[in-house]
Protein chains: 2
Amino acid sequence: MELKQQATVTLAEVAEAAGVGESTVSRVLRNHGSFSGKTRERVMAAVERLGYVPNRIAGTLASTGSRLVAFVIPSLSNIVFPDVLRGASAVLEENRYQSVFSVTDYDPGREEALAAAMLAWRPAAVMLAGYEHTDGTAKMLRASGCRVVELLDLDGDALDIAVGFSNRAAGRESAAFLLKRAYRRIGYVGHDLQRDTRAGKRFSSFCETLEAAGAPLIAREILAGPSSVENGRLGLERLLARATDLDAVYFSNDDMALGGYFHCLAQGIAIPSQLAIFGYNGLDIGRAIPQPLSTIRTPRVATGEIAAQLIVANAPPQVVDLGFELIEGATA
Amino acid sequence: MELKQQATVTLAEVAEAAGVGESTVSRVLRNHGSFSGKTRERVMAAVERLGYVPNRIAGTLASTGSRLVAFVIPSLSNIVFPDVLRGASAVLEENRYQSVFSVTDYDPGREEALAAAMLAWRPAAVMLAGYEHTDGTAKMLRASGCRVVELLDLDGDALDIAVGFSNRAAGRESAAFLLKRAYRRIGYVGHDLQRDTRAGKRFSSFCETLEAAGAPLIAREILAGPSSVENGRLGLERLLARATDLDAVYFSNDDMALGGYFHCLAQGIAIPSQLAIFGYNGLDIGRAIPQPLSTIRTPRVATGEIAAQLIVANAPPQVVDLGFELIEGATA
DNA sequence: GTGAAAGCGCTAACAC
DNA sequence: GTGTTAGCGCTTTCAC
């Protein structure tokens, strides 16, 4: 316990040192209200001399709103969420907001507990992934009076603000694209759909679209655990062991699809003539492989940016559809 | 401004509703001090009924330590930092700590401003990447009295706690490995070293090791901007246009190395017989490509975990070397 | 086992 | 333009 004494320079001490009142120091520091240039100088000099760092805890308690935004995200392994955080935090930092986060690991129960913990900091907004929350979470969020932003999904009812795109539409368009290219014997390789409900939505609308076209899904391979390149490779290997006559495979996302691509590369399976591959997310890496990956590019960073802008502007409840872009690539 | 009224259920209201004093409610909620089972039930019932969410802002102000840990990281695009956050936040959440973060974009000036903003929340600890801070940042951190953890680098003097591994050692061992494999005409493809000082340290000790062995670096290609697969691809393409007789290339990290690998794949350059490739980080994807990438695996998640554990335990100042692992792979 | 009261370090009226 | 003062919602003695 070698802790140095917590350097507790307070606003009162600064006021004392500068020979002014506390509220004057507060005004100068927040550049709010009126004070003379001379006063300002004396205050700043005292701040500098004492190395004063304002206490936001006290400040927030005394004032109304906190410049804090809470993120409750499913994962940090799936690049989607760091991307969203990146977009949001850039905008928030510009506006002198701060970001708190916690990771649910795709567990709705954890989400509820973590959201409660976040709410205890009285944030200006809570940002969560998607619409699948427990009743408890929804109730708590509604009761909190703080802004709520649901991200990356539009297939459901928003609590307050929603920013993202439709996963169902993405699944549908992916299927439509493969059908248009005349693929008819289509398989699927995915990861844990119970937990990643957005991947689940894409998959179900993908299947519906195939069925409607009279070319239902032939085979699927669903791996436990999160998406990864290795799981994609393994998944395709297993799928092809069971279904040898596929002409295309839809993957739950680009990580998985890359794994599939590498499997084909290693096995000498010609893409797309022998087997077509289609992903989801539009990661940069998909464009750097020898054959650009056919996929759907999602506006992940923009989702974060827009969400943050709406909070900073205290915008009214709304649903913002950012859409997505189908990239034809060379693998399907 | 359609904000619902901020639902301000306070501890006082809970006390009132439960027919007990405020301090009793506080004791029950924190499970600290003594109270009867009956009292406990009544308090919990009132909490439930009113939907009370404790105000941590007030709680922290009234008590001593805050269960808040601040991360000041260079980037969220480089997977390294989400990995560290992931490890740390898992441990912190288990211990009911919360994580605040901000992103410096590799700018020491921004780091100083953001660190100051973080300090305003009086966190239990501030975690930063590496040792390269401005004098202002170092001074402020020291004066703050809060714990400081420097992550992912050990080549320098720690302010308080440091957790990570030596980037210089990593550069040295990478060079030694290539030399041992009898590569002698070695090149380098890297990203912005001014900003990513850890990559800079790896590179300089890599070069020193080559020189000491009488096989100095033949050529280098350094791209502006952050590391990416595409930049790696482009970098190798440019490098090979100038230096056609290389037998191995060292990349600033795995993202870059993957780009190089894909370039070779697309150009029909045989790996490793025509050209060897060596990376840094040991990303999972490097093991899923047809030829496993030769690289150094760094304990990124563990770095976050250990750092968090030390903070939770309020451990004394120390330097923790987690080391790294050289993966021989198939590309060098 | 429990309650009353004094702060924690600020902000926001409100006087001057 | 500036100081005084009353909270913000808790935790923490300290009596009882």
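Here is the naming used below: chain letters follow the sequence lines, and residue numbers restart at 1 for every chain.
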Between B:Arg30 and B:Ala58, whichever has its closest DNA chain D nucleotide further toward 5' is B:Ala58
Exercise. Which part of the nucleic acid, if any, lies within reach of B:Ser34 when heavy atoms closer than 4.0 Å are counted: base, sugar-phosphate only, or nothing?
Worked result: base
Subject >> B:Asn314 versus B:Arg147, side-chain donor and acceptor atoms under 3.5 Å >> reply: yes
Separation of D:dC10 atom P from B:Leu61 atom CG, nearest Å, is 12 Å
- Item | N-O pairing of A:Arg110 and A:Asp105 below 4.0 Å | no
From the list A:Ile73, A:Val80, A:Thr298, side chain to side chain contact (heavy atoms under 4.5 Å, CB included) with A:Leu152 holds only for A:Val80
In whole angstroms, the gap separating P of D:dG1 from NE2 of A:His32 amounts to 14 Å
query: Do the side-chain N or O atoms of A:Thr24 get closer than 4.0 angstrom to the phosphate oxygens (OP1, OP2) of D:dT2?
result: no
Review point. Does any N or O in the side chain of A:His32 come within less than 3.5 Å of the main-chain N or O of A:Leu29, such that one atom is a donor and the other an acceptor?
Key: no
Determine whether any donor atom in the side chain of B:Arg40 lies under 3.5 Å from an acceptor atom in the base of C:dG1, or the reverse, and answer yes or no.
-> no
Check: C:dA5 base within 3.5 Å donor-acceptor of B:Ser23 side chain: no
Phosphate OP1/OP2 of C:dT11 contacted by A:Ser26 side-chain N/O (<4.0 Å)
yes
| request: Quick one: do B:Thr39 and B:Arg27 satisfy side-chain contact (heavy atoms from CB on, under 4.5 Å)? Show the steps, please. | output: CA-CA 11 Å; B:Thr39 302; B:Arg27 283 187 209 107; over 6 Å; no
In whole angstroms, the gap separating C1' of C:dG1 from CZ of B:Arg42 amounts to 12 Å
Separation of C:dA12 atom P from A:Glu22 atom CD, nearest Å, is 14 Å
Taken to the nearest whole Å, CG/A:Asn55 to C1'/C:dG7 is 14 Å
Whole-Å distance, B:Glu16 CD to C:dG3 P, equals 12 Å
Hey, does the side chain of B:Thr39 come within less than 4.0 Å of C:dT2's phosphate (OP1/OP2), counting only N and O? yes
Winner on side-chain proximity to A:Thr10, out of C:dC10, D:dC8, D:dG1, is C:dC10
Under 4.0 Å between any heavy atoms, over every strand shown, what does A:Arg27 touch: base, sugar-phosphate, or nothing? Just pick one. base
From CD of A:Glu13 across to C1' of C:dG9 the rounded distance in Å is 11 Å
Whole-Å distance, B:Arg67 CZ to D:dT11 C1', equals 14 Å
